[in-house]
Amino acid sequence: MRILIADDHDLVREMMAAFLERDGSMQVTQSASHDGAMRELHRTGPFELVLLDYLMPGMRGLQGLRQALARSGGNPVALISGTAGRGIAEEALSAGAAGFLPKTMPVRSLVNAVKFMVMGETYVPHGFMSGQDTPPSTLSGLTPRERQVLEGLTYGKSNKEIALDRGISEVTVKLHVKTLCRKLGARNRTQAAMMSRDQSPL
């Protein structure tokens, strides 16, 4: 099963690819931009499923989705996003998307969702369209130090590296990470980084 994931955030894209390939039935091709994804579709497509980040370079909103659908050979194309809400999901589904995957969803659900869409079904997380799973807060509620720590997380840095960068103790970084997860509604540091990916620049 060949899957194409296009997301300009390396940490998010590589983590998703690793989880999917761990399943043993999927071969994942990665791209860091919409233009790159279109080149992959032309060069090595079609893929059983294409996953596109809603706000990556070149997407131009749902125009990028429509372009991918036109080049997918009739195979499913879905959107992934850390911030887009129900309205965008509804528009994407109306435009022909096979599904909408929030970056906050559990890993097991991600793998199941991919398999579901490859079988020709439409996938949206239970409760999302009713607003229950709308992505939580924006970054506006974070302190300047919390934003600095979060920036480190988005670059995949360890607590020690963040501490050295910011001139604070590693224990302080751990405390900030814990607070960040609580404020953003994230289960762990990786999910916090994923959820902040499409928010306002740090």
Side-chain angles (χ1 to χ4, degrees), residues 1-84 88-89 91-125 128 135 153-157 188-199:
M1 186 187 307
R2 300 176 64 242
I3 311 295
L4 172 62
I5 297 178
D7 192 313
D8 63 316
H9 190 262
D10 295 344
L11 177 65
V12 174
R13 186 184 68 250
E14 291 170 4
M15 187 182 74
M16 291 180 68
F19 282 132
L20 293 177
E21 290 188 331
R22 189 179 300 170
D23 179 72
S25 64
M26 304 183 201
Q27 176 188 345
V28 180
T29 299
Q30 301 182 42
S31 176
S33 69
H34 181 269
D35 290 343
M38 295 304 97
R39 287 193 295 271
E40 285 294 340
L41 278 168
H42 178 73
R43 187 172 65 89
T44 61
F47 294 85
E48 275 72 23
L49 175 67
V50 177
L51 298 175
L52 301 174
D53 177 51
Y54 178 62
L55 290 180
M56 70 178 165
M59 274 294 284
R60 297 177 295 279
L62 295 180
Q63 183 179 339
L65 169 67
R66 295 186 180 94
Q67 289 176 342
L69 285 166
R71 299 190 187 185
S72 67
N75 288 345
V77 179
L79 285 187
I80 53 179
S81 178
T83 58
I88 297 299
E91 289 183 39
L93 295 175
S94 297
F100 181 87
L101 309 181
K103 294 180 181 180
T104 55
M105 68 190 303
V107 175
R108 180 173 295 180
S109 297
L110 169 66
V111 175
N112 290 337
V114 166
K115 292 180 178 180
F116 198 65
M117 290 185 289
V118 167
M119 290 189 294
E121 302 293 337
T122 300
Y123 181 89
V124 179
F128 185 84
L153 296 183
T154 62
Y155 284 101
K157 293 184 177 181
N188 52 48
R189 61 191 291 125
T190 301
Q191 190 181 55
M194 291 172 67
M195 292 170 67
S196 73
R197 153 64 181 79
D198 294 327
Q199 299 279 357

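Every value quoted in this text rests on a predicted model; they were computed, and no experiment measured them.
Of the possible polar contacts, none joining the Arg66 side chain to the Gly64 backbone as a donor-acceptor pair under 3.5 Å is found. For Arg2 (side chain) and Thr44 (main-chain N/O), a donor-acceptor pair under 3.5 Å exists by modelled atom type. With hydrogens and angles disregarded, no donor-acceptor distance shorter than 3.5 Å links the side chain of Ser31 to the backbone of Ala6. Remark: the backbone N or O of Pro57 is not paired with any side-chain donor or acceptor of His34 at under 3.5 angstrom.
No side-chain heavy atom of Pro76 sits less than 4.5 Å from a side-chain heavy atom of Phe47. Counting heavy atoms from C-beta on, the side chains of Tyr54 and Leu62 come closer than 4.5 Å. Between Ile80 and Met16, some side-chain heavy-atom pair lies under the 4.5 Å cut-off. A 4.5 Å side-chain heavy-atom check between Met59 and Asp53 finds every atom pair outside the cut-off. Contact annotation: the side chain of Leu110 approaches that of Leu101 to within less than 4.5 Å [non-hydrogen atoms, C-beta and beyond]. Residues Leu11 and Thr154 are not in side-chain contact: their nearest non-hydrogen atoms beyond the backbone lie 4.5 Å or more apart. Taking the side chain as every heavy atom from C-beta outward, Val77 and Leu52 approach each other to under 4.5 Å. Within the 4.5 Å cutoff, the side chain of Gln27 has no heavy atoms near those of the Ile3 side chain.
Summarising the geometry, atom OG belonging to Ser109 is positioned 5.0 Å from atom OH belonging to Tyr123; distances are rounded to the nearest 0.5 Å. Summarising the geometry, atom CE belonging to Met26 is positioned 5.0 Å from atom CE belonging to Met1; distances are rounded to the nearest 0.5 Å. Put simply, CD on Glu40 and CG on Asp35 are 12.5 Å apart, with the number rounded to the nearest 0.5 Å. Going from atom CD of Gln67 over to atom CD of Gln63 covers 5.0 Å, rounded to the nearest 0.5 Å. The distance from the CD atom of Glu48 to the CE atom of Met119 is 13.5 Å, given to the nearest 0.5 Å.
Minimum heavy-atom separation, Asn75 to Pro46: ND2-CB, 3.8 Å. The shortest heavy-atom contact between Asp7 and His9 is OD1-N, 2.8 Å. Listed here is the closest heavy atom pair of Ala95 and Leu69: O-CD1, 3.4 Å.
Applying the side chain to side chain contact (heavy atoms under 4.5 Å, CB included) test to Arg71 and every residue at least two apart in sequence or in another chain returns Met38, Leu41.
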Item to complete: For Thr29 and Ile5, run side chain to side chain contact (heavy atoms under 4.5 Å, CB included): C-alpha distance rounded to whole Å, both residues' side-chain angles, the deciding distance at 0.1 Å, then the answer.
Response: CA-CA 6 Å; Thr29 299; Ile5 297 178; over 6 Å; no
Discussion item. Using the rule given for side chain to side chain contact (heavy atoms under 4.5 Å, CB included), can you reason through Leu4 versus Leu49, listing the C-alpha separation, both sets of side-chain angles and the distance that settles it, and then say yes or no?
Written reply: CA-CA 6 Å; Leu4 172 62; Leu49 175 67; over 6 Å; no
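Screening residues 12-32 for salt bridge (Lys or Arg N to Asp or Glu O under 4.0 Å) gives Asp10-Arg13, Asp23-Lys115 as the qualifying pairs, with residues at least two apart or on separate chains.
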